[in-house]
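One structure below.
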There are 4 protein chains.
Amino acid sequence: MTVKRKGPKYDKIIDAAVSVIAEHGYHQSQISKIAREAGVADGTIYLYFKNKEDLLISLFQEKMGHFIDTTKNEIEQKHSVEDKLLTLIEMHFKQLSVDHELAIVTQLELRQTNRALRAKIGEVLMRYLDLVDEIIINGIDQKVFHPDIDIRIVRQMIFGTIDETTTSWVMNDHRYDLTALAQSVHDLLINGFRYRPS
Amino acid sequence: MTVKRKGPKYDKIIDAAVSVIAEHGYHQSQISKIAREAGVADGTIYLYFKNKEDLLISLFQEKMGHFIDTTKNEIEQKHSVEDKLLTLIEMHFKQLSVDHELAIVTQLELRQTNRALRAKIGEVLMRYLDLVDEIIINGIDQKVFHPDIDIRIVRQMIFGTIDETTTSWVMNDHRYDLTALAQSVHDLLINGFRYRPS
Amino acid sequence: MTVKRKGPKYDKIIDAAVSVIAEHGYHQSQISKIAREAGVADGTIYLYFKNKEDLLISLFQEKMGHFIDTTKNEIEQKHSVEDKLLTLIEMHFKQLSVDHELAIVTQLELRQTNRALRAKIGEVLMRYLDLVDEIIINGIDQKVFHPDIDIRIVRQMIFGTIDETTTSWVMNDHRYDLTALAQSVHDLLINGFRYRPS
Amino acid sequence: MTVKRKGPKYDKIIDAAVSVIAEHGYHQSQISKIAREAGVADGTIYLYFKNKEDLLISLFQEKMGHFIDTTKNEIEQKHSVEDKLLTLIEMHFKQLSVDHELAIVTQLELRQTNRALRAKIGEVLMRYLDLVDEIIINGIDQKVFHPDIDIRIVRQMIFGTIDETTTSWVMNDHRYDLTALAQSVHDLLINGFRYRPS
DNA sequence: GATGAATGAGCGTTCATTCAT
DNA sequence: TATGAATGAACGCTCATTCAT
């Protein structure tokens, strides 16, 4: 029996899952708890998702899919590579800043999953990393970035820095303004932290 | 009832845990499997560790403790800040390159744990981050690093980049030589990826 | 709320149940699967049957009722007791031979049901056993069967033999011609298997 | 992880399963109920059996294995084929008469199982049917049974009759003495019910 | 009449931990 | 010290049945 992948309850269940996982942690987020939060019966979840893993994957796909689409859109509005990179960072920080629950779920909780689930999550992330790669290649072409840089390493540097910055912010209970750091992160990535007295 | 924190079996159990987790994954690493690998009875593990979480924390403390001590030692041998940073990166890559099992466990498997465990892991990491901070401050003092940089961000940039680079390498089944990347990573961190034609 | 016990959908649902049970087995024959096969909605089944058990009982009553009526009719055409018994066996074998699905359902699948259901099935079978009893009494009266035989045991012998023969045939995937065995079964029942050289 | 297939608890659990199934029926015999009856924890059952199906198969193998061995032994004591057949019937009736619970379980409850389980049960029964075949062949050789009989049909006649007789006795709540019927069943099988006035 | 989305009770199995030996 | 048999709480998932439309 196949499952319905849309309808108001589909979204309601995914949002409930985000809330429950953010509040109780991944391992304390039983189907019954999510169902209760969504205001549906346990069995109803199985009308929309094949199983619990499918729900979590769908959650990530829906939320990150939207996240990536929005980011991509904004980046395309910018013309200079520097603006594009700044926008990538800003959008990342902004979108997680306005949704603390989602930030907790993506930065902390969804990482404690088994290999199979993480593989699926990796597939979704691929699209994000492609976005990063595009900017890097663009930067090289426009002679803004050094022609000899290793794209893979630069990608890991950009993503690793953004991700670590975000995770630290989440682990510090979102105590400071994450978006305010975007410009600094951007400048450090592009210029490094070497002192170059003029 | 307190537990013994040393003796030959203490180490044997920790090493068995690393092996089992690397091979079977965190969620398939039951106490009984670890005990069998270590050549002891299930109950014996509880003579040396308070519970499973304590075993995992101890594992991380022992392995990372040694990892950090060695790194610290090497860094102290270096005089220039640039050499210190390069050494930090090199040691990180080198130590995980020679122990694939440990790399899998620290980069992938031990991250799928609950909040409490990750908090403890964070405490151990603190010592590592202090090491990073020391280098940064040193760099600023010696006017090698820009005086206005935000130490916290730079720390997250360094750690985030190294960590992401290592994780990617592990997820690609250690297919390439990680240590060969140290110099590039180091240069990119310090100089950024901007093109500066002379 | 009472249910309708007739209409085209009533028969359609029963036939669908036979098909589904024969193909997927009793425990894999969910109401939704039967409804799909019958081309009706799940809820529609409950307009014609009180519940799943009622559907199964009705199935047995309809199919076996017809089975018994036909058998009874044929037997009445015969005059000698020996012919009547032979006809009973032949009709049993013939009717299940032409409907493999029904054979599977009555010989194998419908037996894996709970006590309550089997009690109901037993009631239907009663009419069949009465038919057998009639032949036996007839045989005794006509001095064809021994006057001292225990009717109950002979009935169980006749039914047990026919039933076991049929079940074996079904379990062997209807690989041989069941009807061809009727005469032998008949002779063995009446004469036993003792060797009586003349 | 493999399971222990013996020890006092192994037998205790099997006996508890027989009791619970006899009393509550197959579908109402949850593992927790069987464990409670056996005086062990639910998890203990899984130290001795792979899963619930394995427990039921083991139950059948243990009980029927013993049943068949005993029957075989007794038959070998007899010399004439007629005595052997009578002994087969007597032993069947006697062994189920002294253990009403086992009779209920084998005649009624264990038949409501899925195909996989019944296949395993069939394998055990094979040994019993081999015993029957042996007697039949012996009877033909010794010219006690008619040389032209179809062994397969006779086997089904013998087993079908014994089985149906026993099942009827169980369904009538063991209200009469089953063993008293052995001689009649035996005579009817061998001689049939035809009247042969001398 | 007919639909089919929604319900929610029920259960086999795992595994960290204990404790008698 | 060391053992390993025994424990029992916890949970994802199924499916017969209902009822608003």
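Every chain is numbered from 1, with letters handed out A, B, ... down the list of sequences. For clarity, every value in this text was computed on a predicted model and none was experimentally measured.
Nucleotide dC15(F) holds its P atom 12 Å from the CD1 atom of Ile31(C), rounded to whole Å. In this entry the distance linking CG of Asn51(D) with C1' of dC11(E) reads 14 Å, nearest Å. In this structure, OH of Tyr46(B) is placed 13 Å from C1' of dC19(E), rounded to the nearest angstrom. Atom NE2 in His24(B) sits roughly 16 Å away from atom C1' in dC15(E) (whole-Å rounding). If you measure from atom CD1 of Ile13(A) to atom C1' of dA5(E), you get 12 Å, rounded to the nearest angstrom. Between the NE2 atom of His27(A) and the C1' atom of dA16(E) there is a distance of 15 Å, given to the nearest Å. When rounded to the nearest whole Å, the span between OH of Tyr26(C) and P of dC15(F) equals 12 Å. Separating the CD1 atom of Ile45(B) from the C1' atom of dT18(E) is a distance of 14 Å, rounded to the nearest angstrom.
In a base pair of the Watson-Crick type (N1 to N3 plus N6-O4 or O6-N4) or a G-U wobble (N1-O2 and O6-N3), with each distance short of 3.5 Å, dT21(E) is matched with dA2(F).
Between Asp42(A) and Lys33(A), no side-chain nitrogen of the basic residue sits less than 4.0 Å from a carboxylate oxygen of the acidic one, so the salt-bridge criterion is not met. Between Lys120(B) and Asp54(B) no salt bridge is recorded (no basic side-chain N to carboxylate O distance below 4.0 Å).
Residue Tyr48(C) is classed as a sugar-phosphate contact, given heavy-atom separations below 4.0 Å to backbone atoms only.
Closest-nucleotide positions on DNA chain F for Asp42(B) and Gly39(D) were compared, and the one nearer the 5' end corresponds to Asp42(B). For the pair Val40(C) and Lys50(D), both in contact range of DNA chain E, the more 5′-proximal nearest nucleotide belongs to Val40(C). Map Thr44(D) and Ser29(C) each onto its nearest nucleotide of DNA chain F; the residue landing nearer the 5' end is Thr44(D). With DNA chain E read from its 5' end, the first of the two nearest nucleotides for Ala41(C) and Gly43(B) is the one closest to Ala41(C).
For Lys9(A), counting side-chain heavy atoms from C-beta on, the closest listed nucleotide (dT7(F), dG4(F), dA6(E)) is dA6(E). Of the candidates dT1(F), dC11(E), dC15(F), dC11(E) carries the atom nearest the Gln28(D) side chain, counting heavy atoms from C-beta on. Set against dG8(F), dT1(F), dA9(E), the side chain of Leu47(B) has dT1(F) as its closest nucleotide.
Here CD of Glu23(B) is found 7.5 Å from CD of Glu37(B). Values are rounded to the nearest 0.5 Å.
For His100(B), the NE2 atom sits in a packed shell: over 12 heavy atoms of surrounding residues, nucleotides or ligands are nearer than 6.0 Å.
Side-chain atoms of Glu62(D) and Tyr10(D) form a donor-acceptor pair, as typed in the model, at a separation below 3.5 Å.
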